[in-house]
Amino acid sequence: MTFNLTEFNHFFIDYQQRFIHFADTYVHDAAVAEDFVIESMMYYWENKDRLPADTNVPAYVLTAIKHRCIDHLRSQQIHQDASDEISRIYSWELSSRIVTLEDFEPNEIFTKEIQEIVDKTLETLPEQTRRIFVMSRYENKSHKEIAELLAITTKGVEFHISKATKALRIALKDYVPASIIFFYLN
């Protein structure tokens with residue numbers, strides 16, 4: 001069964017709303033459903049001469065609408081799956097940042113960094129100065145004990161400790177206020 005233009009216009013008017021309702025039931029978008037119906041009707045009209053004479057036109061057009069709806073829904077599913085994956089990755093990345101930040105301890109970083117600076121600074125000092133500073137600060141020996149062990153005067157011990165303290169104060173100026181350095185190093 002093929003239509004002439006007048007019959008096709010009647011067919012279009014009779015079936016348009018039913019077809020739109022059918023498509024809208026699946027795509028949940030009236031404008032998209034209407035586009036699919038119009039495209040499917042146009043597809044039929046453009047290909048009517050190639051169809052068998054006994055073609056059920058409403059079924060043919062409805063099948064074309066069905067396939068457009070399926071393609072549309074598959075496309076939406078692909079977009080949704082991609083969006084879900086992006087959301088999952090973002091959620092994982094966000095959770096990782098939260099955990100990392102919760103585990104972050106600024107004091108540990110600065111303590112390690114400061115200790116590295118102290119160690120490097122002490123390495124640059126002359127052997128005698130470094131040795132006296134270590135005995136005083138790390139081994140808790142008095143100036144008198146150090147002087148006796150090294151066979152130098154207590155004034156000599158004070159000179160070397162002062163020299164080491166000054167070098168450390170300069171090296172740590174960006175990390176610790178001077179008053180704290182003075183408290184710990186003097």
Side-chain angles (χ1 to χ4, degrees), residues 17-40 42-43 61-143 145-146 157-158 160-186:
Q17 288 307 311
R18 286 187 246 178
F19 287 161
I20 290 172
H21 178 71
F22 170 81
D24 190 35
T25 301
Y26 294 98
V27 299
H28 298 283
D29 185 329
V32 170
E34 187 174 350
D35 287 347
F36 290 168
V37 168
I38 292 170
E39 289 169 8
S40 298
M42 287 174 51
Y43 182 78
V61 173
L62 194 56
T63 301
I65 293 168
K66 171 187 136 180
H67 289 294
R68 281 180 169 74
C69 289
I70 290 170
D71 290 346
H72 176 76
L73 294 174
R74 283 185 178 146
S75 175
Q76 280 189 319
Q77 186 174 29
I78 289 168
H79 286 282
Q80 186 61 50
D81 290 348
S83 178
D84 290 348
E85 182 64 12
I86 289 168
S87 180
R88 186 190 66 75
I89 290 169
Y90 179 74
S91 179
W92 174 83
E93 192 263 342
L94 189 60
S95 294
S96 295
R97 286 191 284 157
I98 289 170
V99 167
T100 302
L101 195 54
E102 286 174 342
D103 291 344
F104 175 70
E105 287 298 329
N107 287 334
E108 287 179 19
I109 288 177
F110 284 120
T111 301
K112 288 177 187 173
E113 209 170 304
I114 289 170
Q115 188 59 52
E116 287 175 10
I117 293 169
V118 168
D119 292 343
K120 285 180 183 176
T121 304
L122 289 177
E123 288 174 16
T124 65
L125 296 175
E127 177 62 33
Q128 181 83 342
T129 303
R130 178 178 45 248
R131 189 169 170 205
I132 291 171
F133 183 82
V134 168
M135 292 170 81
S136 171
R137 296 303 188 259
Y138 295 130
E139 298 172 11
N140 295 318
K141 296 191 182 308
S142 70
H143 291 191
E145 290 173 307
I146 297 169
V157 171
E158 290 171 7
H160 287 287
I161 291 174
S162 174
K163 185 175 179 180
T165 303
K166 181 179 178 185
L168 288 168
R169 207 178 286 134
I170 291 168
L172 294 170
K173 71 180 177 355
D174 294 333
Y175 291 88
V176 185
S179 59
I180 293 175
I181 292 174
F182 185 76
F183 177 76
Y184 284 111
L185 299 178
N186 279 327

*Test Leu73 against Gln76 for side-chain contact (heavy atoms from CB on, under 4.5 Å), laying out the working first.*
CA-CA 5 Å; Leu73 294 174; Gln76 280 189 319; 3.6 Å; yes

*Check the pair Leu122, Tyr138 against side-chain contact (heavy atoms from CB on, under 4.5 Å), reporting the backbone distance first and the verdict last.*
CA-CA 12 Å; Leu122 289 177; Tyr138 295 130; 4.0 Å; yes

*What distance separates Glu127 CD from Ile132 CD1, expressed to the nearest 0.5 Å?*
10.0 Å

*Value rounded to 0.5 Å, distance of CZ in Arg74 from SG in Cys69*: 12.0 Å

_Least distance between heavy atoms, Leu125 atom then Ala167 atom_ = CD2-CB, 3.9 Å

*Using the test ring-ring contact (aromatic ring centres under 6.0 Å, His included), find all partners of His72 that sit at least two apart in sequence or belong to another chain.*
Phe36

*Any sub-3.5 Å donor-acceptor pair from Thr165's side-chain atoms to Ile161's backbone N or O?*
yes

_Salt-bridge present (Glu93, Arg97; N to O < 4.0 Å)_ = yes

*So which pairs with a foot in residues 82-91 pass side chain to side chain donor-acceptor pair (under 3.5 Å), sequence neighbours left out?*
Gln80-Asp84, Glu85-Arg88

*Gln128 CD to His160 NE2 distance, which is reported to the nearest 0.5 Å*: 5.0 Å

*Take Ser136 and Ile146 through the test side-chain contact (heavy atoms from CB on, under 4.5 Å) and record every step on the way to the result.*
CA-CA 8 Å; Ser136 171; Ile146 297 169; 3.8 Å; yes

*asked:* Quick check against the 3.5 Å criterion: does Thr124 have a side-chain atom that pairs as donor or acceptor with the backbone of Thr121?
replied: yes

*asked:* The test is side-chain contact (heavy atoms from CB on, under 4.5 Å); show your working for Ser40 and Arg68 and say whether it passes.
replied: CA-CA 8 Å; Ser40 298; Arg68 281 180 169 74; 3.4 Å; yes

*asked:* Tell me whether Glu139 at atom CD has more than 12 heavy atoms from other residues, nucleotides or ligands lying less than 6.0 Å away.
replied: yes

*Mind checking the CD1-NE2 spacing from Ile86 to His79? Nearest 0.5 Å is all I need.*
11.0 Å

*Output the distance between atom CG (Leu62) and atom NE2 (His67), rounded to the nearest 0.5 Å.*
10.0 Å

_Donor-acceptor contact below 3.5 Å, side chain Asp24 vs main chain Asp29_ = yes

*Is the count of non-hydrogen atoms from other residues, nucleotides or ligands lying under 6.0 Å from Tyr26 atom OH greater than 12?*
no

*First locate atom CD of Gln17, then atom NE2 of His21, and finally report the distance between them rounded to the nearest 0.5 Å.*
10.5 Å

*asked:* Check this for me: does any side-chain nitrogen of one of Glu123 and Arg130 sit under 4.0 Å from a carboxylate oxygen of the other?
replied: no

*Shortest non-hydrogen contact from Ala33 to Ile20?*
CB-O, 3.6 Å

